[in-house]
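Below is one structure, written out as structure tokens; comments come after it.
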2 protein chains.
Amino acid sequence: MEKDTNTEVKIKDAARKLFHKKGYAGTKTRDIAEEAGINLAMLNYYYRSKERLFQQIMEESITKIFFSIQCVLNDTASSISEKIDKMVSVYIDILSENPNLPIFILGEIQANPENITKKIGLSEDLILKTSLYKQLKAHVKEKGLENLNVLHIPINLLSMTIFPFVAKPILNSVSGMNESDFKQFVNERKTLVPMWVKSMLKID
Amino acid sequence: MEKDTNTEVKIKDAARKLFHKKGYAGTKTRDIAEEAGINLAMLNYYYRSKERLFQQIMEESITKIFFSIQCVLNDTASSISEKIDKMVSVYIDILSENPNLPIFILGEIQANPENITKKIGLSEDLILKTSLYKQLKAHVKEKGLENLNVLHIPINLLSMTIFPFVAKPILNSVSGMNESDFKQFVNERKTLVPMWVKSMLKID
DNA sequence: GTCTATAGACTGATAGAC
DNA sequence: GTCTATCAGTCTATAGAC
């Protein structure tokens, strides 16, 4: 067991912060060392190389954004309505604490599609095989919405939940929002987004 | 007048492609030269520096994604409904031809918020002072939706329109979509997204 | 305008002292 | 484990021939 401010942890925390903000190519190992308050040589002592350090950060990031909600999507005990509420709430909490996470992952995938999508297990299990997806398929049939491609629904849910965070700096500029305004705006969406999505499904 | 495949244009086309995909830090001048089929020295002959070339690409990109729809948003002759239809349609066409544009701009802003937001004129004119925004303010009052912060509406419109493009590589992996499936999926949204947003506003 | 060759600065990584 | 010093490779940019 190590104390929670030891060198290894400090390096990873600094790396996460800088990789998330600047991406792999935009982050220099010297910047990570400076941010962590340690020597450049320590980075290679603990993590062998910039590439290996990046892989660790990327794996943790993928886990956080893709697998955090899997238990919600696959809870066979909960209804569609409950899953929608929970999903939006969980995501908004995650993104509030990791605002740079979505652009980081999407940017790295765009720059290097083969590496990222292959390395991580992005299979059809993530959406098509979830309990939520099966419930949605049954629901649209029951409600006479057969013409609706069900995939639009989770996409809308994720769109309206994630997009305000990726557009946050622009929102600040074009609407004069400050940090506190943004917090309130996003908090309103915890109830609004589920309401809108349920309306698309004729729930309630 | 120059022929449309001259060196200067070839360099800019190559630079746009690579900057959009890899970002500023991830793009090397040698890669731009190779992609353009010209010599590295030519890049500096025509554009002085990587930084200046990037600024030109960035300005064009900002114009394309922010100012292309300003005429739609400020058309005093059209209704809210017509503006929504047009906005989604125009954006989907732009993004279909420039799929890497949103992540490029959002990524550069995240990496360097001061530079980008300040350099470009991201004032309140872009949304708060548009004809659409005024129409929306009047509409929610008329429909008894005063409790709704109007800003949620354009955010939802942009969310549901742009997000499928930024998540395209993930969508391919998790849903088995190919290029043709994606085209159809996005095309469906040209009618679905306006329908959903109008429903939020109790239009129709 | 276009090329080759190279200068000059930066970056990732390591050797070796402590 | 931590530091300083430095190597080897890469990157942007330019000088100079044609």
Side-chain angles (χ1 to χ4, degrees), chain A residues 1-61 104 107-108 110-112 115-116 119, chain B residues 1-61 104 107-108 110-112 115-116 119:
Chain A
M1 203 51 157
E2 303 161 320
K3 51 187 161 113
D4 58 356
T5 53
N6 69 9
T7 303
E8 192 168 359
V9 172
K10 279 193 289 187
I11 293 172
K12 189 185 273 190
D13 288 342
R16 186 182 305 107
K17 176 177 173 183
L18 289 176
F19 279 140
H20 277 196
K21 181 172 161 62
K22 305 260 191 181
Y24 179 78
T27 301
K28 311 305 169 192
T29 52
R30 280 172 172 77
D31 298 335
I32 296 175
E34 189 186 5
E35 175 74 28
I38 52 94
N39 192 276
L40 171 60
M42 288 294 87
L43 191 151
N44 294 89
Y45 176 77
Y46 281 107
Y47 293 96
R48 298 266 316 269
S49 72
K50 177 188 179 184
E51 175 67 23
R52 281 172 180 270
L53 177 53
F54 176 78
Q55 291 303 339
Q56 289 200 25
I57 300 296
M58 177 54 84
E59 280 184 29
E60 291 177 11
S61 302
F104 165 67
E108 296 298 331
Q110 178 159 296
N112 229 326
N115 280 18
I116 313 288
K119 184 160 299 179
Chain B
M1 202 51 159
E2 302 160 319
K3 51 188 160 109
D4 58 356
T5 54
N6 69 9
T7 303
E8 191 168 0
V9 172
K10 279 193 289 186
I11 293 172
K12 188 184 275 191
D13 288 342
R16 185 182 305 107
K17 177 178 173 184
L18 290 176
F19 280 139
H20 277 195
K21 180 172 162 62
K22 304 261 191 183
Y24 179 78
T27 301
K28 312 304 169 192
T29 53
R30 280 173 171 79
D31 298 335
I32 296 175
E34 189 186 5
E35 174 74 29
I38 52 95
N39 192 277
L40 172 59
M42 287 294 89
L43 191 152
N44 294 88
Y45 176 78
Y46 282 107
Y47 294 96
R48 296 269 314 273
S49 71
K50 178 188 178 183
E51 175 67 24
R52 282 173 179 269
L53 177 53
F54 176 78
Q55 292 303 340
Q56 289 201 25
I57 301 296
M58 177 54 82
E59 280 183 30
E60 291 177 10
S61 302
F104 165 67
E108 296 298 332
Q110 178 158 298
N112 229 326
N115 280 18
I116 314 288
K119 185 159 299 179

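Scope of the values below: all heavy atoms of this structure, side chains included, with no hydrogens, waters or symmetry mates. Quick note on labels: first sequence line is chain A, next is B, and so on, each numbered from 1.
Side-chain nitrogen and oxygen atoms of B:T7 include at least one within less than 4.0 Å of the OP1 or OP2 phosphate oxygen of C:dT2. Of the side-chain N and O atoms in A:N44, none sit less than 4.0 angstrom from OP1 or OP2 of C:dG12.
When rounded to the nearest whole Å, the span between CG of B:L40 and C1' of D:dT14 equals 10 Å. In this structure, the CZ atom of A:R48 is 12 Å from the P atom of C:dA15, given to the nearest Å. Distance, A:K28 NZ to C:dA13 C1': 15 Å, rounded to whole Å.
Other residues, nucleotides and ligands contribute only 12 or fewer heavy atoms inside 6.0 Å of the NZ atom of A:K17.
With distances taken from any side-chain atom of B:S49 to the nucleotides C:dA13, C:dA15, D:dA13, the minimum falls on D:dA13. For A:R30, taking side-chain heavy atoms from C-beta onward, the closest of the listed nucleotides C:dT14, C:dA13, D:dT14 is C:dA13. Ranking C:dT4, D:dT6, C:dG1 by closeness to the B:M42 side chain, first place goes to C:dG1. Across D:dA13, D:dT2, C:dC3, the shortest atom-to-atom separation from the side chain of A:Y46 is found for D:dT2.
Within the 4.0 angstrom heavy-atom criterion, no nucleotide atom of any strand lies near A:L43.
For the pair A:K50 and A:F19, the cation-pi test (distance below 6.0 Å, angle within 45°) is failed.
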